[in-house]
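Report on the following structure.
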Amino acid sequence: MQPAFRFLLITSLQVAGVVVAFAFLMTLVFESGEWRKSDWVTDLLPLLAMILVINALVQIFRLRRRARGR
């Protein structure tokens with residue numbers, strides 16, 4: 001696996017994990033009975049997709065800039 005692709009995959013998984021964990025925690029704290037339903041996950045998907053796209057764009061920009069600097 002290419003190092004750049006691996007880096008993007010790992011950072012995307014880390015960001016997704018943090019976003020889902022934070023959303024679960026906030027659902028648990030503020031709407032205690034709702035965490036058992038899957039609605040909070042389906043409501044989270046558009047936001048999660050947007051965050052992952054922004055993360056990928058930022059990381060690609062950083063990787064290109066780092067490659068040019070070498």
Side-chain angles (χ1 to χ4, degrees):
M1 186 179 295
Q2 294 179 348
F5 179 72
R6 182 177 171 202
F7 177 76
L8 286 174
L9 181 66
I10 290 172
T11 58
S12 296
L13 288 175
Q14 288 173 341
V15 168
V18 168
V19 169
V20 170
F22 184 73
F24 176 75
L25 181 66
M26 290 299 109
T27 302
L28 187 64
V29 169
F30 292 111
E31 297 178 11
S32 58
E34 295 293 317
W35 68 270
R36 292 186 180 119
K37 301 176 185 174
S38 64
D39 291 342
W40 70 273
V41 177
T42 55
D43 292 341
L44 179 67
L45 290 178
L47 177 65
L48 181 62
M50 183 180 67
I51 290 171
L52 289 176
V53 167
I54 291 170
N55 175 59
L57 292 174
V58 167
Q59 297 304 333
I60 288 170
F61 176 75
R62 289 179 66 206
L63 286 171
R64 283 186 183 169
R65 193 171 72 182
R66 184 181 296 165
R68 287 184 192 156
R70 288 185 181 178

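Heavy-atom basis, side chains included; hydrogens, waters and symmetry copies ignored.
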Donor-acceptor pairs are to be reported for all side-chain atoms of residues 38-46 against protein atoms at under 3.5 Å, with residues two or more places apart or in another chain.
unit_1, atom_1, unit_2, atom_2, d
Trp40, NE1, Trp35, O, 3.2
Trp40, NE1, Lys37, O, 3.3
Thr42, OG1, Asp39, O, 3.0

Find out if a path of hydrophobic residues (ILVMFWY) with successive side-chain heavy-atom gaps under 4.5 Å connects [X] to [Y].
{"X": "Leu47", "Y": "Leu28", "answer": "yes"}
{"X": "Ile54", "Y": "Val18", "answer": "no"}
{"X": "Phe61", "Y": "Phe7", "answer": "no"}
{"X": "Leu63", "Y": "Leu57", "answer": "no"}

Report the residues that fulfil side chain to side chain contact (heavy atoms under 4.5 Å, CB included) with [X], sequence neighbours left out, ordered by chain and then residue number.
{"X": "Ala16", "answer": "Leu48, Leu52"}
{"X": "Ile10", "answer": "Arg6, Gln14"}
{"X": "Arg62", "answer": "Val58, Gln59, Arg66"}

> Atom CD in Gln2, atom CG in Leu8: separation rounded to 0.5 Å?
Replying inline: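 If we round to the nearest 0.5 Å, Gln2:CD and Leu8:CG are 10.5 Å apart.
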>> Using a 4.5 Å cut-off between side-chain heavy atoms of Ile, Leu, Val, Met, Phe, Trp and Tyr, which other residues end up in the same hydrophobic cluster as Val29?
In response: Phe22, Leu25, Met26, Phe30
